[in-house]
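Remember, predicted model here, so these are calculated numbers, not experimental data.
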Amino acid sequence: MPTFRGAGGLWKNFKPESLATSQAFARDPRLVWEWYDWRRQKIAACEPNAAHQLLAAWSKRFRRFTLLTQNVDGLHEAAFAAVDADPSEVIRLHGSIWEVSCWRGCAASPPRWRDITVPYPEIPPRCPHCDDLIRPAVVWFGESLDPHIVERATSAADCDVFITVGTSAVVYPAAGFIDIARRAGAFTVEINPDVTPATATVDLALRGAAEAVLPDIERLLP
């Protein structure tokens, strides 16, 4: 599955940052929904990899394990479900691509609801309650994170070990949680194929893909 910013992460020559905004949706909802529908179809064909599976296993192995994720694809939740782990230990900072909300915020609809339709028969799809457009219930650029989610994530960052995995470390406030953990006295680790702004600040930086490095760590654990 293409990464958000990696070499395979562009779509129709658009940068994701130019599509994942409320302004882009207001200007061209069809274009934005074509991109999200394409992503949903790509994700639906994927299964959790070794990194997803190992993190789910660690959630059962280690006390007070919490997973903070910027991913909206739902693969962490699928991995947790496969091992009967507690899904509440997955804190989705940016929401889920499988949830939608009414663009108009009509009174008849809930704030967000799960919709796994793939592909959509009509682009852009419409609200079943008012027939206005629906939007992906994810946090777009320029939008604020849910304060309750931020509070939970900040609390989780008060930990003994904080591992940041596969993130560019440029999107805030998500990128700031490793700083919170370091100030709280945590041992901090970065796992990433590339150097990021966080690399020089962590106690240990490991170069490589998550699905390779995390199993290597597992083999070293008692």
Side-chain angles (χ1 to χ4, degrees), residues 1-25 32 35-36 38-40 42-43 46 48-55 58 66-77 79 90-98 136-146 149-150 152-154 156-157 159 161-184 186-217:
M1 186 170 63
T3 60
F4 198 83
R5 286 187 173 77
L10 300 183
W11 177 84
K12 287 189 176 181
N13 299 317
F14 286 89
K15 291 185 177 181
E17 293 90 335
S18 69
L19 293 170
T21 68
S22 58
Q23 293 85 356
F25 190 86
V32 172
W35 181 53
Y36 275 95
W38 173 80
R39 290 177 65 194
R40 284 160 63 104
K42 289 282 188 183
I43 293 166
C46 295
N49 64 22
H52 296 106
Q53 295 164 355
L54 184 56
L55 290 171
W58 281 1
T66 303
L67 176 66
L68 314 180
T69 183
Q70 294 170 267
N71 295 345
V72 299
D73 53 39
L75 292 174
H76 282 303
E77 292 89 331
V90 178
I91 299 177
R92 294 195 310 255
L93 297 171
H94 294 162
S96 170
I97 201 170
W98 301 108
V138 297
V139 179
W140 280 336
F141 290 97
E143 295 181 335
S144 299
L145 272 62
D146 183 327
I149 295 296
V150 173
R152 289 184 62 203
T154 302
C159 59
V161 178
F162 189 101
I163 306 176
T164 177
V165 183
T167 177
S168 62
V170 298
V171 177
Y172 283 82
F177 289 117
I178 193 167
D179 298 320
I180 294 172
R182 186 173 59 252
R183 290 196 295 269
F187 183 81
T188 55
V189 181
E190 179 188 58
I191 299 173
N192 202 302
D194 305 308
V195 174
T196 77
T199 302
T201 71
V202 296
D203 296 302
L204 176 64
L206 301 173
R207 298 278 73 81
E211 59 269 28
V213 177
L214 284 170
D216 284 345
I217 294 174

| request: Go through the structure and list residues passing side chain to side chain contact (heavy atoms under 4.5 Å, CB included) with Asn192, not counting sequence neighbours. | output: Glu190, Asp194, Thr196, Arg207
| What residues, two or more places apart in sequence or in another chain, satisfy side-chain hydrogen bond (donor to acceptor under 3.5 Å, both in side chains) together with Asp146? | none
| remark: Leu19 and Ala24 have their tightest heavy-atom pair at O-CB, 3.6 Å
| remark: Interatomic distance, CG@Leu214 vs CD1@Ile163, rounded to 0.5 Å, equals 6.5 Å
| query | Who are the side-chain hydrogen bond (donor to acceptor under 3.5 Å, both in side chains) partners of Arg152, not counting sequence neighbours? | reply | none
| field | Partner set under side chain to side chain contact (heavy atoms under 4.5 Å, CB included) for Ala50, not counting sequence neighbours | value | Glu211, Pro215
| Gln70: what forms a side-chain hydrogen bond (donor to acceptor under 3.5 Å, both in side chains) with it, not counting sequence neighbours? | Thr167
| request: For the pair Leu206 and Asp216, evaluate side-chain contact (heavy atoms from CB on, under 4.5 Å) and give the outcome as yes or no after the intermediate values. | output: CA-CA 11 Å; Leu206 301 173; Asp216 284 345; over 6 Å; no
| remark: Between Leu93 and Ala174 the two heavy atoms that sit nearest each other are CD1-CB, 3.8 Å
| request: Identify the heavy atoms of Ala153 and Phe177 that sit nearest to each other, and give their distance. | output: CB-CZ, 3.5 Å
| With His52 via side-chain hydrogen bond (donor to acceptor under 3.5 Å, both in side chains) - residues at least two apart | Asn49
| Quick one: ring pair (Phe, Tyr, Trp, His ring centres under 6.0 Å) partners of Trp98, sequence neighbours excluded? | none
| request: Using the test side chain to side chain contact (heavy atoms under 4.5 Å, CB included), find all partners of Pro173 that sit at least two apart in sequence or belong to another chain. | output: Leu145
| side chain to side chain contact (heavy atoms under 4.5 Å, CB included) with Gln53: which residues, sequence neighbours excluded? | Pro48
| Taking C-beta and beyond as the side chain, do Thr188 and Thr201 meet within less than 4.5 Å on heavy atoms? | no
| message | Could you go through Leu68 and Phe162, starting from their C-alpha distance and side-chain angles, then the distance that decides it, and tell me whether this counts as side-chain contact (heavy atoms from CB on, under 4.5 Å)? | response | CA-CA 10 Å; Leu68 314 180; Phe162 189 101; 4.2 Å; yes
| If every non-hydrogen atom of Ala157 is compared with every non-hydrogen atom of Ile180, which pair is closest and at what distance? | CB-CG2, 3.8 Å
| query | Nearest 0.5 Å, what's the CG-SG distance between Asp73 and Cys46? | reply | 8.0 Å
| Closest non-hydrogen atom pair, Ser144 against Val139 | O-CG1, 4.1 Å
| Partners passing salt bridge (charged side-chain N to carboxylate O under 4.0 Å, His left out) against Asp179 (at least two apart in sequence or in another chain) | Arg182
| request: Indicate the atoms forming the closest heavy-atom contact of Trp140 with Thr21, along with that distance. | output: CE3-C, 3.5 Å
| query | If you measure from CH2 on Trp38 to CZ on Arg40, what distance do you get to the nearest 0.5 Å? | reply | 14.5 Å
| request: For side-chain contact (heavy atoms from CB on, under 4.5 Å), just list the numbers for Leu55 and Val165, CA-CA rounded to whole Å, side-chain angles, deciding distance to a tenth of an Å, and then say yes or no. | output: CA-CA 11 Å; Leu55 290 171; Val165 183; 5.5 Å; no
